[in-house]
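Let me begin by presenting the structure, written as structure tokens, before commenting on it.
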Amino acid sequence: MIEHLTLDNGPHRHTAIAAGPADGELVLLLHGWPEFADCWTEHVRALAAAGYRAVAVDQRGYAVGARPPEITDYTVPLLVADALSFAATLGAARFHLIAHDWGGLIAWALASAHPERLRSLSVLATPHPVALRQQQETDPDQHSRLDYVRFFQLPDGQAEASLLAEDAARLRAAYEGKVAADLVARNVRRLSEPGALTATLNWYRAVDEKLTIPAGRIRTPTLYLWGSADRALGRGAALRTAEFVDAPYRLEILAGASHWLPEECANQTIPLLLNHLAAHPS
């Protein structure tokens, strides 16, 4: 059974979905853009069935009760602090972390700064931030793949207006037809709430156009899943990620899979994630 929780985090209130025994090892799941906690529904159920306490949280800007107004409210250190706060509120001194897209960038930063808090790290789609920055500096293809970041950073509501025009046609197209229609509809409805889309785009506006993220060496056992048909994040950065992990590390390339791994490939990602977590219980 999926539970619906509210986690207090300073002045903010975050909605979340959860399942699994209260005394199970915590698995915290972080979504990306433009997703919400329910992109992890199948994973939460599978993790719970395996005995874990799985919690996926609507992050800052996505939860109705956690939409501060300023771009500076969405810096990476604040987003990392949010994730640590979620785990603390849930009573976990150490936890497994699974993350996708922007959640992955936060996960890399958290793992490098706070390895003592993690049992394991699993990232879907998103390479290590330094690997991505180095790749785009030397690879014109990767640089052009990130044109959407520069678009999202446009001021004065230009990106929001474009994404929501014509019944949010451009926003809907971002999912590439890889996400179930009912979930896309829910996402569009939630992102159309006053201030919601701006809050989520402020994650991009709080960094530079190269997506410079304060992430260093990784000393946590790490699983990295990347789809070979990812339109935003290319093979070069995916392969380069291994250079930044000083711990047991595994890269799994999902042939033909897109960027939307939690929604598109749950039947492939769930067994890989369960095996990784089981190998690193402490």
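Keep in mind it's a predicted model, so treat the numbers as computed, not measured.
Gln153 places a side-chain N or O within 3.5 Å of a backbone atom of Val207 that can act as its donor or acceptor partner. At distances below 3.5 Å, at least one donor-acceptor pair connects side-chain atoms of Tyr224 with backbone N or O atoms of Ala125. Judged by distance alone, the side chain of His128 and the main-chain N or O of Gly216 form a donor-acceptor pair under 3.5 Å. A donor-acceptor contact shorter than 3.5 Å is absent between the side chain of Arg170 and the backbone of Ser162. The backbone N or O of Val149 lies less than 3.5 Å from no partner atom in the side chain of Glu209, so there is not a single donor-acceptor pair. The closest donor-acceptor contact from the side chain of Ser85 to the backbone of Ala81 lies at 3.5 Å or more, if one exists at all. In this structure a side-chain-to-backbone donor-acceptor pair under 3.5 Å is missing from Thr212 to Asp208. Ser228 places a side-chain N or O within donor-acceptor distance of the main-chain N or O of Gly256, the cut-off being under 3.5 Å. The backbone N or O of Gly103 lies less than 3.5 Å from no partner atom in the side chain of Asp101, so there is not a single donor-acceptor pair.
Hydrophobic clustering (ILVMFWY, side-chain heavy atoms < 4.5 Å, transitive): Leu274 and Leu225 are in one cluster. Connection of Tyr204 to Leu163 is established within a shared hydrophobic cluster, with ILVMFWY side chains joined at heavy-atom distances below 4.5 Å, either directly or through further cluster members. Grouping the Ile, Leu, Val, Met, Phe, Trp and Tyr side chains by contacts below 4.5 angstrom, directly or via other members, places Leu223 apart from Leu28. Hydrophobic cluster membership is shared by Val245 and Leu97, with clusters built from Ile, Leu, Val, Met, Phe, Trp and Tyr side chains linked at under 4.5 angstrom. At a threshold of 4.5 Å between side-chain heavy atoms, the hydrophobic network of Ile, Leu, Val, Met, Phe, Trp and Tyr places Trp40 and Leu121 in two separate groups.
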Pairs under 3.5 angstrom only: tabulate donor-acceptor contacts from the side chains of residues 261-270 to other protein residues two or more places apart or in another chain.
{"from": "Glu264", "atom 1": "OE1", "to": "Ser258", "atom 2": "N", "distance (Å)": "2.9"}
{"from": "Glu264", "atom 1": "OE1", "to": "Ser258", "atom 2": "OG", "distance (Å)": "2.5"}
{"from": "Thr269", "atom 1": "OG1", "to": "His43", "atom 2": "NE2", "distance (Å)": "2.8"}
{"from": "Thr269", "atom 1": "OG1", "to": "Cys265", "atom 2": "O", "distance (Å)": "3.2"}

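Considering only heavy atoms from C-beta on, Tyr74 comes within 4.5 Å of Pro68 through its side chain. Looking at heavy atoms from C-beta onward, His4 lies in side-chain contact with Ile2 at the 4.5 angstrom threshold. Arg133 places none of its side-chain heavy atoms less than 4.5 Å from the side chain of Leu211.
Atom CD1 of Ile98 and atom CG of Leu47 lie 5.0 Å apart (nearest 0.5 Å). To the nearest 0.5 Å, atom CG of residue Leu90 and atom CG of residue Leu5 are 7.0 Å apart. Between His143 atom NE2 and Thr138 atom OG1 the span is 11.5 Å, to the nearest 0.5 Å. Summarising the geometry, atom OG1 belonging to Thr220 is positioned 4.5 Å from atom CG belonging to Leu118; distances are rounded to the nearest 0.5 Å. Separation of atoms CD (Glu252) and CG (Asn275) is listed at 9.5 Å; rounding is to 0.5 Å. One finds the OG1 atom of Thr15 at 3.5 Å from the CG atom of Asp58 (value rounded to the nearest 0.5 Å).
None of Thr72, Ile71, Leu197 except one satisfies the side chain to side chain contact (heavy atoms under 4.5 Å, CB included) rule with Asn202; the exception is Ile71. Each of Tyr175, Phe152, Trp203, Trp102 was checked for a ring pair (Phe, Tyr, Trp, His ring centres under 6.0 Å) with Trp33, and the lone residue meeting it is Phe152. When the options Asp230, Leu124, Val179 are evaluated for a side chain to side chain contact (heavy atoms under 4.5 Å, CB included) with Trp260, the one that passes is Val179. A side-chain hydrogen bond (donor to acceptor under 3.5 Å, both in side chains) with Asp139 is found for one member of Gln135, Gln136, Gln142 and no other, namely Gln135.
Ionic pairing of Arg190 and Asp38 is present here: one or more N-O contacts between side-chain nitrogen and carboxylate oxygen are shorter than 4.0 angstrom. In summary, Glu193 and Arg67 engage in a salt bridge, as defined by a charged side-chain N under 4.0 Å from a carboxylate O. With salt bridges taken as basic N to acidic carboxylate O contacts below 4.0 Å, one links Arg13 and Asp8.
Residues Trp108 and Ile218 share a closest heavy-atom pair of O-CD1, 3.6 Å. A pairwise comparison of heavy atoms in Ala66 and His12 identifies CB-CB, 3.6 Å as the closest pair. Arg240 and Ala131 get closest at one heavy-atom pair: CD-O, 3.7 Å. Between Pro34 and Leu191, the shortest heavy-atom distance links the atoms CB-CD1, 3.5 Å. For the pair Gly24 and Arg53, the tightest heavy-atom approach, listed with the atom from each and the gap, is O-CB, 3.6 Å. For the residue pair Leu29 and Val27, the shortest heavy atom distance occurs at CD1-O, 3.6 Å.
Residues His96 and Glu25 have side chains that bring a donor and an acceptor to within less than 3.5 angstrom of each other.
The aromatic ring centroids of His100 and His259 lie less than 6.0 Å from each other.
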- Query: side chain to side chain contact (heavy atoms under 4.5 Å, CB included) between Asp167 and Arg172: does it pass, once the steps are laid out?
  - Reply: CA-CA 9 Å; Asp167 191 30; Arg172 294 176 192 276; 3.3 Å; yes
- Please step through side chain to side chain contact (heavy atoms under 4.5 Å, CB included) for the pair Val57 and Ile17, ending with a clear verdict. CA-CA 7 Å; Val57 184; Ile17 61 171; over 6 Å; no
- Please report the C-alpha distance between Leu233 and Leu132 in whole Å, then the side-chain angles of each, then the deciding distance to 0.1 Å, and finally whether the side chain to side chain contact (heavy atoms under 4.5 Å, CB included) criterion is met. CA-CA 8 Å; Leu233 304 165; Leu132 180 58; 4.0 Å; yes
- Item | Check against side chain to side chain contact (heavy atoms under 4.5 Å, CB included), Phe86 and His14 | CA-CA 9 Å; Phe86 301 150; His14 296 261; 3.6 Å; yes
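Enclosure of atom CZ in Arg205 by more than 12 non-hydrogen atoms of other residues, nucleotides or ligands within 6.0 angstrom is indicated. More than 12 non-hydrogen atoms from other residues, nucleotides or ligands lie less than 6.0 angstrom from CZ of Arg217. In this structure, Arg186 places its CZ atom where more than 12 heavy-atom neighbours from other residues, nucleotides or ligands lie under 6.0 Å away. Heavy atoms of other residues, nucleotides or ligands lying less than 6.0 angstrom from CD of Glu116 number more than 12.
The aromatic rings of Tyr62 and Phe36 sit perpendicular, their planes meeting at an angle over 60°, well past the 30° parallel limit.
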